[in-house]
Participant: 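Okay, handing you the structure first.
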Amino acid sequence: MGGDGAQELKFNGSPVPIDAITADEGERIKTGIVELDRVLGGGIIQGSAVLVGGDPGIGKSTLLLQVLQKLAEQGRKVLYVSGEESAKQIKLRGRRLGASSDKLLVLVEIDLDGILRQISDIKPSAVVIDSIQTVYSSVLSSAPGSVGQVREATEKLILAAKKTGIPVFLVGHVTKDGSIAGPKVMEHMVDTVLYFEGDSGHAYRIIRGIKNRFGPANEIGIFEMRDSGLIEVENPSEFFLSERPEGASGSVVSPSMEGTRPILVEIQSLVSTSNLGMPRRTAIGVDHNRVSMLVAVMGKVCGLHLGNQDVFINVAGGVKVDEPAIDLGIVASMASSYLDRPIDAGTVVFGEIGLTGEVRGISQMEARIKEAARMGFNRCILPKTQGRTRPTGEGARIKLIRISNLKELLGHLF
Ligand code: TYD
Ligand code: MG
């Protein structure tokens, strides 16, 4: 499988000095959708394969049709291949998005060879395959969407991209457990994996780059789904804090690094006496095991025992925060809810917590402080161990409270 394809790539056996290889960053095509260009690492790399995954109805087709429309507006000929919807359905969606251009070609096709033939005939500037699970190769007897078919189609399309320099976007549906359906192996084959976070019940859409051979991974782009498609959110911190209940206990703000950007997120906790033998621990947006660890440390170090309490934690806005810097925020919000005492609305907290309750230094401290200051916060509780340098500019306005152990936290909070 795929042997003939590999030959087409013309791997050439002679080694080249690394400084003789040209790698021109100017090869990127900017879509003009800033939030997406950043997630891609500054635009689309020619010949790259990008997997776009997410739940059904989250906005994958919408986003990619918008991308192609943008490229068509730049005078580029682009190809949208759909095996899921009729040309008429695509036209109707396109109308909502204002997509109308003779440069944007629509092909309704599921046969892999047919798709590859069209790509090589048309030579578009970019191709979208919506979705990879509908593509069918007659070489294999299995049904479209099966592991073998998905792998075969992915492999052939990636080879076509590398050979021609045409970037290919592959839409992949996601199974209930969150993994991209069909083979996980697809993630290893493509250059970039973008994933829609959050759920389609809300208007916002978060796109995270979970893998990127051409830029920083873990970068996020934030959009809002409107009647006319996905609109970029320009000030993410403001967006995530827009519905914050000021003066409510259990709510605290923490600056989190999402890729290269600091973004303020609101952590909410609800701690209430349980009438179950095994109290509930529910964590949305933060790591469940981390929360269990923090509950234990909090009991031991601060004397706040949540052993008989149900604990629910949620990061508002549907964003997933996966860094230890959020520890202090989690503890602060749990303590606030448990004691039923609100945290001052002008305060942010961040820092990692160790098993003995020590508050540990984290990366990008200055960027976090600056973002908090920019958003009008006036007090920041942070690790003591970090360098003593004071942030300059906007960050200098904020009052810094440095703590080295969790014991000190409650005194500053309440
Ligand atoms: P879609 O892009 O079809 O999702 P996917 O391809 O990931 O399955 O998005 C479908 C949803 O988006 C659908 O519920 C309607 C909504 N939508 C809007 O709100 N505004 C729009 O302009 C468009 C095109 C879709
Ligand atoms: Mg779709």
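Everything numeric here is computed off the predicted structure, so don't read it as measured data. One-based numbering, in listed order, for ligands and for the atoms of each.
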Participant: Considering distance alone, does some N or O of Ser61 sit under 3.5 Å from an N or O of ligand 1?
Facilitator: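 By distance alone, the answer is yes.
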Participant: Can you tell which part of Val171 has a heavy atom less than 4.0 Å from ligand 1: side chain, backbone, both or neither?
Facilitator: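 The answer is neither.
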Participant: Determine, step by step, whether Asp340 and Ser249 satisfy the side chain to side chain donor-acceptor pair (under 3.5 Å) criterion, reporting the C-alpha distance in whole Å, the side-chain angles of both residues, the deciding distance to 0.1 Å, and the verdict.
Facilitator: CA-CA 5 Å; Asp340 200 15; Ser249 59; 2.8 Å; yes
Participant: Which atoms from ligand 1 have a heavy atom of Asp55 less than 4.0 Å away?
Facilitator: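 Going through ligand 1 atom by atom, the ones under 4.0 Å from Asp55 are 7 (O).
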Participant: Taking Lys77 for its side chain and Lys103 for its backbone only, find out whether a donor-acceptor pair lies under 3.5 Å.
Facilitator: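 Absent.
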Participant: When you look for heavy atoms under 4.0 Å from ligand 1, do you find them on the side chain of Pro56, its backbone, both, or neither?
Facilitator: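 Looking at Pro56 and ligand 1, just backbone atoms fall under 4.0 Å.
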Participant: Would you mind running through ligand 1 and noting each atom that sits below 4.0 Å from a heavy atom of Leu97?
Facilitator: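 What qualifies from ligand 1 is 22 (O), 24 (C).
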Participant: Of all the heavy atoms in Arg226, does at least one lie under 4.0 Å from an atom in ligand 1?
Facilitator: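 Heavy atoms of Arg226 do come under 4.0 Å of ligand 1.
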Participant: Taking everything shown except Leu355 itself, do over 12 heavy atoms lie less than 6.0 Å from its CG?
Facilitator: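 Not more than 12 within 6.0 Å, no.
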Participant: Ignoring waters, how many N, O or S atoms from the protein are under 2.8 Å from the Mg ion (ligand 2)?
Facilitator: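 Protein heteroatoms (N, O, S) closer than 2.8 Å to the Mg ion (ligand 2) number 1.
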Participant: Give the residue and atom name of whichever protein heavy atom lies nearest to atom 2 (O) of ligand 1, and the separation in Å to one decimal.
Facilitator: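 Closest protein heavy atom to atom 2 (O) of ligand 1: Thr62 OG1, 2.5 Å.
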Participant: Donor-acceptor check, side chain of Ser146 to backbone of Ser142, threshold 3.5 angstrom: yes or no?
Facilitator: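 No.
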Participant: Phe312: which residues meet the ring pair (Phe, Tyr, Trp, His ring centres under 6.0 Å) condition with it, sequence neighbours left out?
Facilitator: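 For Phe312 there are no ring pair (Phe, Tyr, Trp, His ring centres under 6.0 Å) partners, ignoring immediate neighbours.
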Participant: Answer whether the closest heavy-atom distance between the side chains of Leu79 and Val81 falls below 4.5 Å.
Facilitator: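 The answer is yes, as the side chains (C-beta and beyond) meet within the 4.5 Å cut-off.
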Participant: Hey, does the side chain of Arg261 reach the backbone of Ser256 with a donor-acceptor pair shorter than 3.5 angstrom?
Facilitator: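 A pair under 3.5 Å: no.
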Participant: If I apply the N/O under 3.5 Å rule, does Gly59 come out as touching ligand 1?
Facilitator: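 By distance alone, the answer is yes.
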Participant: So which atom in Val52 and which in Lys60 form the shortest heavy-atom distance, rounded to 0.1 Å?
Facilitator: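 Heavy atoms only, the tightest pair is O-CD, 3.7 Å.
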Participant: Tell me the protein heavy atom at minimum distance from atom 8 (O) of ligand 1, and give that distance in Å.
Facilitator: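 Among all protein heavy atoms, the one nearest atom 8 (O) of ligand 1 is Gly57 N, 2.7 Å.
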Participant: What residue and atom, counting heavy atoms only, is the protein's closest point to atom 15 (C) of ligand 1, and at what distance?
Facilitator: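 Result: Arg96 NH1, 4.4 Å.
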Participant: Sort and list the pairs that fulfil salt bridge (charged side-chain N to carboxylate O under 4.0 Å, His left out) and have at least one residue in residues 224-241, not counting sequence neighbours.
Facilitator: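 Every pair satisfying salt bridge (charged side-chain N to carboxylate O under 4.0 Å, His left out) with a residue in residues 224-241: Glu224-Arg226.
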Participant: Which heavy atom of the protein is the closest neighbour of atom 3 (O) of ligand 1, given with residue, atom name and distance?
Facilitator: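 Result for atom 3 (O) of ligand 1: Arg93 NH2, 2.6 Å.
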Participant: Distance under 4.0 Å to a non-hydrogen atom of Ser228: what atoms of ligand 1 satisfy this?
Facilitator: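 That gives atoms 22 (O) of ligand 1.
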Participant: Rounded to the nearest 0.5 Å, how far apart are CG of Leu170 and CD of Gln133?
Facilitator: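 Leu170 atom CG to Gln133 atom CD measures 10.0 Å (nearest 0.5 Å).
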Participant: Tell me, with the steps shown, if Tyr80 and Asp130 meet side chain to side chain donor-acceptor pair (under 3.5 Å).
Facilitator: CA-CA 8 Å; Tyr80 182 88; Asp130 192 358; 2.5 Å; yes
Participant: Can you tell me the protein heavy atom closest to atom 12 (O) of ligand 1 and the distance?
Facilitator: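 Residue, atom and distance for the closest contact: Met225 CE, 3.3 Å.
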Participant: Test of understanding: given a 4.0 Å heavy-atom threshold, classify the contact between Leu63 and ligand 1 as side chain, backbone, both, or neither.
Facilitator: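 The answer is neither; Leu63 stays 4.0 Å or more away.
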Participant: Give every residue pair that meets the side chain to side chain donor-acceptor pair (under 3.5 Å) criterion with at least one member in residues 274-297, sequence neighbours excluded.
Facilitator: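 For residues 274-297, and leaving out neighbouring residues, the side chain to side chain donor-acceptor pair (under 3.5 Å) pairs sorted by first residue read Ser274-Asp310, Arg290-Asp327.
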Participant: Check whether Ser48 reaches the backbone of Ile45 with its side chain - one donor and one acceptor, N or O, closer than 3.5 Å.
Facilitator: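 Here the side-chain-to-backbone pair exists.
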